[in-house]
Amino acid sequence: MSHPPKNTAELLERCYLIAGLTLGQVAEQYQLQLPANLQREKGSVGQLLELVLGASSGSKAQPDFPHLGIELKTIPVDRHGKPLESTYVCVAPLTDLAGLSWQESWVCRKLSAVLFVPVLAERSIPLAQRQIGTAFLWKPDTEQQALLQQDWEELMELIVLGGIDQIKGAHGKVLQLRPKAANSKALTSAVGAEGQPIQTLPRGFYLKASFTAALLAQQFGT
DNA sequence: CTCTGATCATTA
DNA sequence: TAATGATCAGAG
């Protein structure tokens, strides 16, 4: 629907044009149907925003705005601006990990520049009435970068050493590893405790809600 | 199946 | 009620 934005300024300009509007108003402008609820099409809000802002990558494993190196994330918030959910980052690689460094990891690359679009998303509010907030571009500062790197290295070390099935969502301070699959029967290859190949649930990296809460507070003030 | 977009729903 | 583990839809 929208052309990809030429530069960051143009992207932010588009965000400001929709800030304050409801999802229903934006869907109407683009003549799109919103699902009755998110129980089935959980990703529809993100996909609507991708369309409106001109993201081009679809389901490919690369930033939403490749030319700008920017990743788009809608973030559901309550009336106080607190995140209601953790934020998915990317799938976790479980094999062929030799020599993979933080700097070249997908987590580091995707999080180098993230356009967060807050959406008021308390469950009591019908989807069409949910209001889009003021987007902001986040780049991790030195401290945030260090926290992310620490968690990533700890989690990856466990994966390399065959400890993936011991990893719980509670691991990590700001980054967590959780299932990322169609259901609990989906399987992918990984490394077992004895170094042998095993089948396990696919996992993804997520930013904990407490971390994104801090980013929102940093942006908008407590 | 893998990866994208995420939120749901049960547990602790 | 927050957090963890489970799940849904679409593109490729």
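Values below: every heavy atom of this structure, side chains too, minus hydrogens, waters and symmetry copies. Being a predicted model, the structure only gives us computed values, none of them experimental. In what follows, every chain begins at residue 1, and chains take the letters A, B, ... in the order their sequences are listed.
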d([atom1], [X]; [atom2], [N]) in whole Å:
X        : N     : atom1 : atom2 : answer
A/Phe65  : B/dT4 : CZ    : C1'   : 14 Å
A/Leu207 : C/dT4 : CG    : P     : 13 Å
A/Trp106 : B/dG5 : CH2   : P     : 11 Å
A/Gln176 : C/dG5 : CD    : P     : 9 Å
A/Phe205 : B/dT4 : CZ    : P     : 12 Å
A/Arg203 : B/dA6 : CZ    : P     : 22 Å
A/Ile167 : C/dG5 : CD1   : P     : 11 Å
A/Leu34  : B/dA6 : CG    : C1'   : 15 Å

Would you indicate what [X] reaches in the nucleic acid, counting non-hydrogen atoms under 4.0 angstrom: base, sugar-phosphate, or nothing?
X        : answer
A/Gln199 : nothing
A/Lys185 : nothing
A/Gly46  : sugar-phosphate
A/Leu49  : nothing
A/Thr87  : nothing
A/Ala121 : nothing
A/Thr74  : sugar-phosphate
A/Leu84  : nothing
A/Pro35  : nothing

Between [X] and [N], does any side-chain N or O lie under 4.0 Å from OP1 or OP2?
X        : N     : answer
A/Lys60  : B/dC3 : no
A/Lys208 : C/dA3 : no
A/Thr188 : B/dT2 : yes
A/Tyr88  : B/dG5 : no
A/Gln47  : C/dA9 : no

Distance-minimising heavy-atom pair for A/Phe136 and A/Leu216 |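 In this case the closest contact between A/Phe136 and A/Leu216 is CE2-CD2, 3.6 Å.
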Under 3.5 Å between N/O atoms: give me all the protein pairs with nucleotides 9-12 of chain B, atom names plus distance.
unit_1: B/dA9; atom_1: N7; unit_2: A/Arg123; atom_2: NH2; d: 3.4

Under 30°, 30 to 60°, or over 60°: which ring-plane class applies to A/Trp138 and A/Phe116, parallel, tilted or perpendicular?
->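 Geometry flag for A/Phe116 against A/Trp138: tilted rings.
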Return all side-chain donor-acceptor pairs below 3.5 angstrom for residues 180-187 of chain A, not counting sequence neighbours, or 'none' if the list is empty.
unit_1: A/Asn183; atom_1: OD1; unit_2: A/Lys185; atom_2: N; d: 2.8
unit_1: A/Asn183; atom_1: OD1; unit_2: A/Ala186; atom_2: N; d: 3.2

Going by atom type alone, with no hydrogens or angles, which donor-acceptor pairs under 3.5 Å involve a side-chain atom of residues 154-173 of chain A and a protein atom two or more places apart or on another chain?
unit_1: A/Asp165; atom_1: OD1; unit_2: A/Thr200; atom_2: OG1; d: 3.0
unit_1: A/Asp165; atom_1: OD1; unit_2: A/Arg203; atom_2: NH2; d: 3.1
unit_1: A/His171; atom_1: ND1; unit_2: A/Lys168; atom_2: N; d: 3.3

In terms of side-chain heavy atoms of [X], which of [options] is nearest?
X        : options             : answer
A/Arg178 : C/dA9, C/dG5, B/dG5 : C/dG5
A/Leu38  : C/dA9, B/dT4, B/dT7 : B/dT7
A/Lys110 : B/dG5, C/dG5, C/dT4 : B/dG5
A/Glu50  : B/dG5, C/dT4, B/dT4 : B/dG5
A/Ala181 : B/dC3, C/dT7, B/dC8 : C/dT7
A/Asn183 : C/dT7, B/dT2, C/dT4 : C/dT7

Ignoring hydrogens and geometry, is there a side-chain-to-backbone donor-acceptor pair from A/Glu153 to A/Gln150 under 3.5 Å?
->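 No; judged by distance alone, with no hydrogens or angles, the pair does not exist.
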Is there a donor-acceptor pair closer than 3.5 Å between any side-chain N or O of A/Lys73 and the backbone N or O of A/Tyr88?
->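 At least one qualifying donor-acceptor pair exists.
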[Y] and [X] side chains, donor-acceptor separation under 3.5 Å:
X        : Y        : result
A/Trp102 : A/Gln145 : yes
A/Gln149 : A/Gln144 : no
A/Gln199 : A/Ser189 : yes

Pair A/Arg79 + A/Glu122: basic N to acidic O under 4.0 Å |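 A/Glu122 and A/Arg79: salt-bridged.
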Is any side-chain N or O of A/Lys180 under 3.5 Å from a base N or O of B/dG5, one able to act as donor and the other as acceptor?
->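 Result: at least one qualifying N/O pair found.
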Donor-acceptor pair under 3.5 Å: do we get one between A/Tyr206's side chain and the base of C/dA3?
->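 Per atom types, no contact qualifies.
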Identify, between A/Ala182 and A/Ser86, the residue whose nearest nucleotide on DNA chain C lies closer to the 5' end.
->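 Of the two residues, A/Ser86 wins.
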5′-ward residue of the pair A/Glu41/A/Asn37 relative to DNA chain B |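 Its nucleotide being nearer the 5' end, the pick is A/Glu41.
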